[in-house]
Amino acid sequence: MHVPHLHDWPATEAAAVALQHALAGRVNTSRPLGRVELIAGCDIAYHLTEPRLFACVVVLRAKDLSVVEEVAVTREVTFPYIPGLLSFREIPALLAAFAELRQAPDAVMLDGQGIAHPRRFGLACHLGLWLDRPCVGCAKSWLVGDCAEPGPSAGDAAPLTIGGEEVGAVVRAAAGAKPVYVSPGHNVDVASATGLVRATLSGYRHPAPTRAAHMAANRARGATGGQCGSPSEGHKS
DNA sequence: GCGACAG
DNA sequence: ATCTTGTCGC
């Protein structure tokens, strides 16, 4: 799919924060999600010893959650991990992966926060702006906000708020599993973001799109990234 | 007194 | 994110 240029990449933490403030105002989380036939899940796996990462995008048919396309790319890590600035580390590679996609998905889901972010500009917001497409954040852990423990059953959810404002939901994707933190990234409202996650539950801790992407990313790494041979039988020098 | 920091 | 073995439960 075609990915238009949005901005150049900042090299410093201060510049990145400034860019977040500048772009946050362009995020739209007031619109319900329209028809979703194709949904993309994306994730990244890191090389075990080198500063390199593997970005993967998996497109699923919303109807039956079957995989229709998958693409993986590898890139050099160019930005450090700083809580609140994750997108600057992972988006460049994700964009490269999306650029190789044959079909443009109707919605995107990823591991990370949307507006449930200190500056209301999490990974899902940033990627959503770049792709100019509905994007939902589905993180494995808390970053900001207040919430209650969701019910014990799959699909149970509790609102996630910041200063009284509802920014997302904590969703139990599977009974007996730790909940997931959902928040809209761009071109989706809180209800639709939560609805999309609940509509793609597959019996595991993570919804199908993000789960498939996570596995695909690890597979991509395995082909060239992971260590080879056992630690004890490595070449001696 | 204060204290969750995405991946 | 990544390292890590066995183990408890369906």
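Just so it is clear: chains get the letters A, B, ... in the order the sequence lines come, proteins before strands, and each one is counted from 1.
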Which whole-number value in Å describes the distance from [X] [atom1] to [N] [atom2]?
X	N	atom1	atom2	result
A/K140	C/dA1	NZ	C1'	8 Å
A/Y181	B/dA4	OH	P	14 Å
A/I82	B/dG7	CD1	C1'	13 Å
A/I44	C/dT2	CD1	P	11 Å
A/H206	B/dG7	NE2	P	8 Å
A/W142	B/dG7	CH2	P	12 Å
A/R120	B/dC5	CZ	P	19 Å
A/H47	B/dG7	NE2	C1'	17 Å

(message) Aromatic contact between A/H117 and A/H126, with the criterion being ring centroids under 6.0 Å apart: yes or no?
(response)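 No; A/H126 has its ring centre 6.0 Å or more from that of A/H117.
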(message) Counting the atoms with a prime plus P, OP1 and OP2 as sugar-phosphate, which does A/L110 contact under 4.0 Å by heavy atoms, base, sugar-phosphate, or nothing?
(response)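 The residue A/L110 makes no contact with any strand.
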(message) If the threshold is 4.0 Å, N to carboxylate O, is there a salt bridge linking A/E165 and A/R120?
(response)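 Yes, this pair counts.
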(request) May I ask you to say whether A/R75 pairs ionically with A/E90, meaning some side-chain N is under 4.0 Å from a carboxylate O? (result)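 Judged by the 4.0 Å cut-off on N to carboxylate O distance, A/R75 and A/E90 do not form a salt bridge.
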(message) Quick check on ring pair (Phe, Tyr, Trp, His ring centres under 6.0 Å): which of A/W9, A/F98, A/F88 does A/W130 satisfy it with?
(response)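 One option only clears the test, and that one is A/W9.
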(request) Over all heavy atoms of both residues, which pair between A/L85 and A/V17 is shortest? Give the atoms and the distance, please. (result)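 In this case the closest contact between A/L85 and A/V17 is CD2-CG2, 4.0 Å.
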(message) Distance alone, cut at 3.5 Å: any donor-acceptor contact between the side chains of A/R52 and A/T74?
(response)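 Yes.
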(request) Say whether A/T210 and A/D111, considering side chains only, have a donor N or O and an acceptor N or O under 3.5 Å apart. (result)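 A/T210 vs A/D111: donor-acceptor pair found between side chains.
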From [options], nucleotide with atom closest to [X] side chain:
X	options	result
A/E90	C/dC3, B/dC5, B/dG7	B/dG7
A/S141	B/dC5, B/dG7, C/dT2	B/dG7
A/L48	B/dG7, B/dC5, C/dT2	C/dT2
A/N218	C/dT2, B/dC5, B/dG7	C/dT2

(message) Could you spell out the base pairing of DNA chain C as a dot-bracket line? Use Watson-Crick and G-U wobble contacts where both distances are under 3.5 Å, [ ] for crossing pairs, | for partners on a different strand.
(response) ..........
(request) Return one dot-bracket line describing DNA chain B 5' to 3' (Watson-Crick or G-U wobble pairs, both distances under 3.5 Å; ( ) same strand, [ ] crossing, | another strand, . none). (result) .......
(message) Atom CE of residue position A/M1 - does it have more than 12 heavy atoms of other residues, nucleotides or ligands inside 6.0 Å?
(response)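 Yes, CE of A/M1 has more than 12 neighbouring heavy atoms, counting only those of other groups under 6.0 Å.
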(message) Please determine whether residues A/I162 and A/I115 belong to a single hydrophobic cluster, defined as Ile, Leu, Val, Met, Phe, Trp and Tyr linked transitively by side-chain heavy-atom distances below 4.5 Å.
(response)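 Same cluster: A/I162 reaches A/I115 through Ile, Leu, Val, Met, Phe, Trp or Tyr contacts under 4.5 Å.
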